[in-house]
Amino acid sequence: AEPLKIGMTFQELNNPYFVSMQKALNEAAASIGAQVFVTDAHHDVSKQVSDVEDMLQKKIDILLVNPTDSTGIVSAVNSAKKAGVVVVAVDANANGPVDSFVGSKNYDAGVMSCEYLGKAIGSTGEVAILDGIPVVPILERVRGCKAALAKFPNIKLVDTQNGKQERATALSVTENMIQAHPNLKGVFSVNDGGSMGALAAIDASGKDIKLTSVDGAPEAITAMQKPDSKFIETSAQFPRDQVRIAIGIALAKKWGANVPKVIPIDVKLIDKSNAKGFSW
Amino acid sequence: MSKLTMEPKTATVDSASPGAPVRLTWAGLKRSTIFYPFVGLVVVCLVMVFASNSFLSAANIENIARQVSINAIIAVGMTCVILTGGVDLSVGSVMALSGTLAAGLMVSGMNAVAALVVGIAVGLGFGVANGIFVAFAGMPPIIVTLATMGIARGLALIYTGGYPIDGLPDWVAFFGNGKVLGVQMPVVIMLVVYLLAWVLLERMPFGRYVYAIGGNEDATRLSGVRVARVKLIVYGLAGLTSALAAIVLTARLMSGQPNAGVGFELDAIAAVVMGGTSISGGRGSIVGTLIGALLLGVLNNGLNMVGVNPYVQNVIKGGIILLAIYISRDRRRK
Amino acid sequence: MSKLTMEPKTATVDSASPGAPVRLTWAGLKRSTIFYPFVGLVVVCLVMVFASNSFLSAANIENIARQVSINAIIAVGMTCVILTGGVDLSVGSVMALSGTLAAGLMVSGMNAVAALVVGIAVGLGFGVANGIFVAFAGMPPIIVTLATMGIARGLALIYTGGYPIDGLPDWVAFFGNGKVLGVQMPVVIMLVVYLLAWVLLERMPFGRYVYAIGGNEDATRLSGVRVARVKLIVYGLAGLTSALAAIVLTARLMSGQPNAGVGFELDAIAAVVMGGTSISGGRGSIVGTLIGALLLGVLNNGLNMVGVNPYVQNVIKGGIILLAIYISRDRRRK
Amino acid sequence: MNSILRLDNITKSFPGVKALQGIHLDVAAGEVHALLGENGAGKSTLMKILSGIYQPDEGTITLNGTTRTFADYHDAVAAGIGIVFQEFSLIPFLNAVENIFLGRELRKGFLLDRAAMRRSAAAIFARLKVDIDLSVPIRELSVAQQQFVEIGKALSLEARILILDEPTATLTPSEAEHLFDIMRELKTQGVAMIFISHHLDEIFEVCDRITVLRDGQYVGDTAVADTDVSRLVEMMVGRKIENSFPPKPPPRANAKAVLEVEALQIDKDGPVNAFVLREGEILGFAGLVGSGRTETALAVIGADPAHVKKVKINGRDMKLADPAASLDAGIGILPESRKTEGLITDFSIKQNISINNFGKYRQARFFIDQRNEARTTAAIMKRVGVKAPTMNTQVSTLSGGNQQKVVIARWLNHHANILIFDEPTRGIDVGAKAEIYLLMRELTGRGYAIIMISSELPEIVGMSDRVAVFRQGRIEAILEGEQITSNAVMTHATTASAASLEQGVSHE
Ligand SMILES: Nc1ncnc2c1ncn2[C@@H]1O[C@H](COP(=O)(O)OP(=O)(O)OP(=O)(O)O)[C@@H](O)[C@H]1O
Ligand SMILES: Nc1ncnc2c1ncn2[C@@H]1O[C@H](COP(=O)(O)OP(=O)(O)OP(=O)(O)O)[C@@H](O)[C@H]1O
Ligand SMILES: O[C@H]1[C@H](O)[C@@H](O)OC[C@H]1O
Ligand SMILES: [Mg+2]
Ligand SMILES: [Mg+2]
């Protein structure tokens, strides 16, 4: 018989987070003898829609979609469903008739990181948010962070700037925030793409500014374990597990099972105490 | 007479062909700006047919045409701009602004047609603003449109707060995947835009002015052409086609996307130049641009169909663009 | 001397000034290509000083200089390219490739100096390849470098597999935040590059050729200048400065980033053009480019310092670029 | 007199240049009025004022008795003034029809009436009796053909006052003859013409009256019937010019060959040419416009490709792959079109002159010795007589003739000792011509060898030690000494020799 065909479209493939996810996908597919097609949308949702259309031409059975935009992807989801393909969203949900969504509790991640940050700076002082690309998971983290910070009456959110989830930009943006707010005590970065740039800026400034983030990327884990690291916490996600679960769910659906609409994955608070040994 | 006299007979008129149409010769064909792009397209298609057996299905051809439409529509305005010797980097951002605005107004309850009109008007307006800076203030196009690219993107983000706008009325989807006489709407819109642009550029005085400005702007001005006005219109057209592309995009995505269109200016430029239009203006054709856009679309689609690793796709695409331009370069250089 | 007879007064060579420097007059100053960019920089700085009280601190000035360095270094090569009438869109991707390669080789145990040399050589090599396509094959720079932009990015991603490369030896950080005589290394590197470029462009025959090619390529070729070779070197220089910028960036981030430098080409072009260099070549200066890069750096930093919403920053930045170019536009046009 | 156009007291300054001062010009209906003056006298500037391109600082323009100001070119065109510019104003990628009707296209509704435009363009060229391929872009036409398109364009404006700024500079006599015929015909229709030319014989052939300018000043006007060449020259130059051609030196018995073109075939099926250039001589390239002289020169120096090329320099085989290699081998070229191939117009005079000779101004090996550069430039400028405020003046502001002198100056101080001068005196006034001839002789006296491509028969006869006559791409004959007569050159240029007829060789 024809081997099972799995297509996965990523929002980007130059982030270790998604690269790890892709590796797990390949391993899992290999173990069940499935064929895999992968595309990279470069954060362009119209390209992503086209990529999905192309994969549908190849008669895939399962579509794993990591949407760069939840609403924009809907027509691709519709086409896939029309073609009888099982669709599971991963990491960020997609609108439309997806069969299931496997993703982190992003709001919780924001809350977790910013609570931790608030406590670490003694519940008082100025903090800033290093924002990212405006897509749902990221926006959710910011929302969660703000909710957490609101619980500290003496903490003031003095600045929100966009580091574009990219090291170099995050570096200069954080440098500027540090200059603009000499009393800055803490920074929350929406993911580890930006956090490493922010850390470089903080280290170079020599100031005691605490940094928390989301993801649990390998560099973040390493950085956290250095003595006196300013990087104190990351709310870790599980990209490999996400994709493994997604494949499982998709297969189950294909075999006729009734699958849950949403499979929220807990995030895990990682700090110096438990960083050693953690990896995706 | 001081100068060398010559026999009168050598100075007679070519009486053969006043008013006669240009003969279609092989040499004439090769001199046409679309000859090499067309050959390139055929070759790439052939390669894809052999590399992937799903490439040459009716469904996939429909697929390619639809995918190409947005870039192809934007590239129409870009062609006009480049023919005058300019460039427009703002097209992608203007598309995002037009699209989010139209979507936002619809969702906020404005009459849907009015919302579309506002979205298109804003795209046109941005184009006209580019035109004013370029044509009347004499500022360099690349930097003017780099600035308006930032401005339009910023406005789209401010307007939407960074969130996509969804909940559009269902009939909007018609522009994205409806069909007219069996042809999909994005393709219909694209073809209509190309037809109009062809008439404009090849059969109306305005088109002559566009080519003339790119060939020799000062001389064109001396001939009595209102160069600034032509340029204004040309940039306006670029804004307009961006806005039309925005409608197709909004309909395809059923949402207004503030992040849409990043890097689209480069795709459009690539389509124009791969279609044989000279980047320094004055030479080229709208048909060539359609071929160029198809070439890029076939590449994108074909590489996906063959299942090439996305990282490697970058390299192959770059290589093929180089090859295509190498083959079609102007050999009469001096 | 020949014994040509002529009325003495028709030979109005300005006998006052052979070898004398051009006199510094107000009119002369205003005609210089860097006058308006300089005024623009001063005005923007003044505005920022009033808007933010932390702007004018020694630490922040250091900060700006360091942040500007990467774009400013890339803009040196871009200036040379634009002066010849070309453009290089591949600089950002080439930077990413050079940086990841140097970092990767170091981490994989290669001698660190050798790794740096390889990284720089690859940057130079990409530049030279661009130069070959442009100069010897006569292909349009914008499309050649658009293609190599994709290729270099693809190679960087393939080489790293999409992961940043960490674990560089500690001394690499010296290039990112070490100091020499109290000045930070990125700034030192930047200043050295500018000094060399200034000598090259203003004091050596090569520089004259660069300007001449931008002014009239055919005439330059017929007068016996090796135009293709000069262009080759110019694109090579652009690759080289991208690679130098890659070292600074790698050192600042202490890692090789395959996704670094996206959009840097537009920043570099903006710096060059805002610095008064004509986008069509032949006119401009390297000092202007430094001013242009500073202007952009001050804008980015200042708007952050004032705490302007990032979406709004796009709009303000675009507006200021428009204004600056409007003021410094070439008034001599007919 | 029935004057339809009067310019009074016109004054115009550019930064650093007083281009015109108190100029008068009075043109009668149906008259051909010559405007004479040396290079830089202000002729083109005056015509640009008349056609609305420049505004005068002072003075009035009176048209048909009413005082007019032309805010721009369109005002002038609307008032019935047409102009053929000295510098081409055509669009390179458009064809002749599109160029002629640019800005005034014939329409059918909203659409172009392409057939009608093509017909009337063909009619115009039929009237001019020139052979122009209407379907190819202008840039594929020869310089002369382009000039005719310019003229055709101005004619199609149906102007009442037609300005022709050096229209004959790029025409053959028979083509010029056709132009004169048309001018005479227009005259009968009451069209007034202002005609600028450095060819005084043309003035006597076609003009009625003459106004002379010198250094931006009005010198006087006169009827053609009341003057002669030497009086005109004196008015223009302010002194008498004797014999314009310096004496030819006696032929040197064993002058060594510096450049031997043993075989040169440009196109695969084209003719194969061979010629030799000897030390100290001027070898004229004569032939009709389009006979392949420029092509040959460009192919020799490697600026254009050649199918077969065997060249020796000083007895040694050389490739001459490009102009730079040719320069290394000692060959320099003064191109046919100064504006597009000769000058870097944004550069100063100094920078233009030194562009390919930095070897002379090297300091510490790698740097430009700016002091030396300036000193040398000043000396060369003086020698050639470039008229400009300073050596730092941009060449774009110089008059046509002065621009030409700048390109010549580039070679005067160069190690290149084989020079190819393509139409060196095109657009050059009589006084300056004599100076350039003297310069050329001085150069050959110093051992330089010169190839002079020229369409001026007297120049060919008066200056060449030997003449290669081209016809349809082939060197028909090489004449020397007593053989060099107008008649002989003309015969070879226009009649195929018996030999080539027998071989059935034809270029087309
Ligand atoms: N735009 C300008 N800027 C500055 N100077 C100019 C400009 N145009 C012309 N001139 C100067 O005005 C003078 C007259 O130039 P013009 O072109 O009218 O001379 P001309 O009589 O037509 O000479 P030619 O016979 O060489 O064509 C020259 O000294 C020239 O350098
Ligand atoms: N750019 C061009 N495109 C096509 N044909 C050309 C071009 N330039 C010249 N030719 C043709 O090449 C032939 C030789 O032209 P060339 O310019 O060498 O002649 P020439 O004797 O120097 O005459 P002149 O320079 O006075 O026109 C002619 O038939 C001419 O029409
Ligand atoms: O969850 C992922 C997020 O969606 C993406 O934008 O960046 C990497 C991760 O944080
Ligand atoms: Mg003149
Ligand atoms: Mg010639």
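Chain naming here is simple, since letters A, B, ... match the order of the sequence lines and numbering starts at 1 in each.
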Item to check | Pair C:Thr289-C:Thr79, side-chain donor/acceptor within less than 3.5 Å | outcome: yes

Checklist entry - Tell me, side chain or backbone of D:Thr376 under 4.5 Å from chain C's heavy atoms, or both, or neither? => result neither

Checklist entry - Most heavy-atom pairs under 4.5 angstrom with chain C, which of D:Leu327, D:Ile301, D:Asn356? => result D:Asn356

Next on the checklist: Less than 6.0 angstrom separating the ring centers of C:Tyr209 and D:Phe358, yes or no?
Outcome noted: yes

Next on the checklist: Let's go through D:Ser348 and D:Gln394 carefully: what are the C-alpha distance in whole Å and the side-chain angles of both, what is the deciding distance for side-chain hydrogen bond (donor to acceptor under 3.5 Å, both in side chains) to 0.1 Å, and is it a yes or a no?
Outcome noted: CA-CA 4 Å; D:Ser348 67; D:Gln394 267 196 17; over 6 Å; no

Next on the checklist: Does either side chain, that of C:Thr148 or that of C:Asn130, offer a donor lying less than 3.5 Å from an acceptor on the other one?
Outcome noted: yes

Checklist entry - Quick one: what part of D:Gln351 sits under 4.5 Å from any heavy atom of chain C, side chain, backbone, both or neither? => result both

Checklist entry - Would a line drawn from the ring center of D:Tyr54 to the ring center of D:Phe70 be shorter than 6.0 Å? => result no

Checklist entry - Which atoms form the tightest heavy-atom contact between D:Ala19 and D:Thr45, and what is the distance? => result CB-CG2, 4.2 Å

Checklist outcome for this item: Ranked by heavy-atom pairs below 4.5 Å to chain D, first place among C:Arg208, C:Glu202, C:Met204, C:Arg229 goes to C:Arg208

Next on the checklist: If I measure from the heavy atoms of chain C, does D:Ile355 come under 4.5 Å with its side chain, its backbone, both, or neither?
Outcome noted: both

Next on the checklist: Heavy-atom cut-off 4.5 Å, strictly under: side chain, backbone, both or neither for D:Thr340 against chain C?
Outcome noted: backbone

Checklist entry - Relative to chain C, which segment of D:Asn357 carries a heavy atom at a distance below 4.5 Å: side chain, backbone, both, or neither? => result neither

